[in-house]
There are 2 protein chains.
Amino acid sequence: MKATRKKKSNGSARGIEFPPHDSAGYLVRDAHRAFQHLLEKRIAPYGVTRGQWYFLRVLWTQDGLSQRELSERVGMMEPTTVIALQSMEKAGLVRRSRSADDKRRAQVWLTPKAKRLKQRLLPVARHITMQAREGVTRAEFELFRDVIARMTTNLDRLKR
Amino acid sequence: MKATRKKKSNGSARGIEFPPHDSAGYLVRDAHRAFQHLLEKRIAPYGVTRGQWYFLRVLWTQDGLSQRELSERVGMMEPTTVIALQSMEKAGLVRRSRSADDKRRAQVWLTPKAKRLKQRLLPVARHITMQAREGVTRAEFELFRDVIARMTTNLDRLKR
DNA sequence: TCCATTTGGATAGAAATCTAAGTAATATTG
DNA sequence: CAATATTACTTAGATTTCTATCCAAATGGA
């Protein structure tokens, strides 16, 4: 059944196939989605969204950064940062103040509530990583880390 | 400079740090974004968006699928599929017809234009993969593939 | 046959992103 | 010092994705 055109429609030149399974991009995409969904599910009970998560991670390490610095460290464009911070301010996770020296500059400060969340949420992240790595040896993981980082570097170099 | 509180604010319990660099999730996220951005940039000249890309990939392999089947194969929820297909229909990449047997069922067909794009676009994808893998040996890549697939499986198992 | 369930799609609304184009404050330079 | 450029953030608008509902067609029992 369904033998209608097969050779023909699948690309006229040889080698025109490219199964997703062979594609690093697909592997990475699937893994990314799996991480995202699980993270989302596990932090939602604390009232934190995935978009807020990355900013919390950075601010837990260093508080009082400007929006620009935050954007860079989180790896997002500034409009994204604006939106995330608005939602975080509304959720009582940060407050923003203008710098006295430079009135353009907005400094972002964690609230006590957000600081307390660190103790709850970092273990969640660590747990997800551990669960992901189940059955993966340290050596395997280290090679994985090395390879994926090299691929990312390769691609980033092409973006500019 | 900036020596204000350091020990204290970095988490009161020991082991409460978790640098992104040690996190599989961050590695995967960075790689994913690198792939996405480059793909987007390279297919944009053909008038194809990243959201349409995945559907094209599947339809190039098998045409005439229903929306449900497409959603499953692409790995997206159905509302996402609806939106993507609307944009693809508007862009002249697919047309949809109701199945005669089952009037609920919408079948999705590639236009000749979309079929022709295969020859242009698959090489783009293959090229990105090749560029990503530069300096990565086959053995390294195969271990990478194995590890990331195992991690994805581990995480997916936890989602239900 | 008729009603309840299941199935295939669509809509609504939210979130997380981006690019492009503002606005306001600061810095530079002729 | 005034005109210009740069910097920090914001707004606008588009895309991609989700969850939660809803509608309409088909199916299966009672």
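The structure presented is a predicted model; accordingly, all values stated were derived computationally and were not measured. Throughout, a chain's letter reflects where its sequence line sits, starting with A, and its residues are numbered from 1.
Counted by atom type alone, T49(A) and E40(A) present zero donor-acceptor pairs between their side chains at under 3.5 Å. Checking R98(A) against Q107(A) by side-chain atom types alone, no donor-acceptor pair falls below 3.5 Å. Between the side chains of Q67(B) and R105(B), no donor N or O sits under 3.5 Å from an acceptor N or O. Judged purely by distance below 3.5 Å, without hydrogens or angles, the side chains of R50(B) and Q36(B) pair a donor atom with an acceptor atom.
At a threshold of 4.0 Å, the pair E142(B)-R138(B) counts as salt-bridged, since one of the basic side-chain nitrogens sits closer than that to a carboxylate oxygen. Remark: R95(A) does not engage E89(A) in a salt bridge, criterion side-chain N to carboxylate O under 4.0 Å. Remark: R150(A) engages D146(A) in a salt bridge, criterion side-chain N to carboxylate O under 4.0 Å.
When the P atom of dG22(C) is taken as reference, atom CE of M77(A) falls 20 Å away, rounded to whole Å. One interatomic measurement links the two molecules: CD of Q36(B) to P of dT15(D), which rounds to 16 Å at whole-angstrom precision. Taking atom NE2 on H37(A) and atom P on dA15(C), their separation rounds to 16 Å, with Å as the unit. Rounded to a whole Å, the CZ atom of R33(B) is 16 Å from the P atom of dT16(D). Nucleotide dT7(C) holds its P atom 19 Å from the CD atom of Q107(B), rounded to whole Å. As rounded to whole Å, 17 Å separates atom P of dC9(D) from atom CE of M76(A). If you take CG of L39(B) and C1' of dC18(C), they are 15 Å apart, rounded to a whole angstrom. In this structure, R29(B) places its CZ atom 12 Å from P of dA16(C), rounding to the nearest Å.
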For nucleotides 3-5 of chain D, which of its nitrogen or oxygen atoms have a protein nitrogen or oxygen under 3.5 Å away, and what is each distance?
none

Distances under 3.5 Å between protein N/O atoms and the N/O atoms of nucleotides 25-29 of chain C, please, pair by pair.
from, atom 1, to, atom 2, distance (Å)
dA25(C), N3, R104(A), NH1, 3.4
dT26(C), OP1, K103(A), N, 3.0

Find every protein N or O atom lying less than 3.5 Å from an N or O atom of nucleotides 10-13 of chain C, and list the pairs.
from, atom 1, to, atom 2, distance (Å)
dA10(C), OP2, Q67(B), OE1, 3.1
dA10(C), OP2, Q67(B), NE2, 2.7

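To the nearest 0.5 Å, atoms CD (E69(B)) and CD (Q62(B)) are separated by 7.0 Å.
Judged by closest nucleotide on DNA chain D, T49(B) is the one of K41(A) and T49(B) placed further toward the 5' end.
Using cut-offs of 30° and 60° for the angle between ring planes, the W60(A) and W53(A) rings count as perpendicular. Ring-plane geometry between Y54(A) and Y26(B) is classed as perpendicular, the angle between the planes exceeding 60 degrees on a 0 to 90 degree scale with a lower cut at 30.
Between L122(B) and R57(B) there is a side-chain heavy-atom pair separated by less than 4.5 Å.
Between S87(B) and dT15(D) there is no side-chain polar atom (N or O) within less than 4.0 angstrom of OP1 or OP2. At the phosphate of dG9(C), neither OP1 nor OP2 sits under 4.0 Å from any side-chain N or O atom of T81(B). Put simply, T80(B) has a side-chain N or O that comes within less than 4.0 Å of OP1 or OP2 on dC18(D).
Counting non-hydrogen atoms under 4.0 angstrom, R105(B) reaches the backbone sugars and phosphates but no base.
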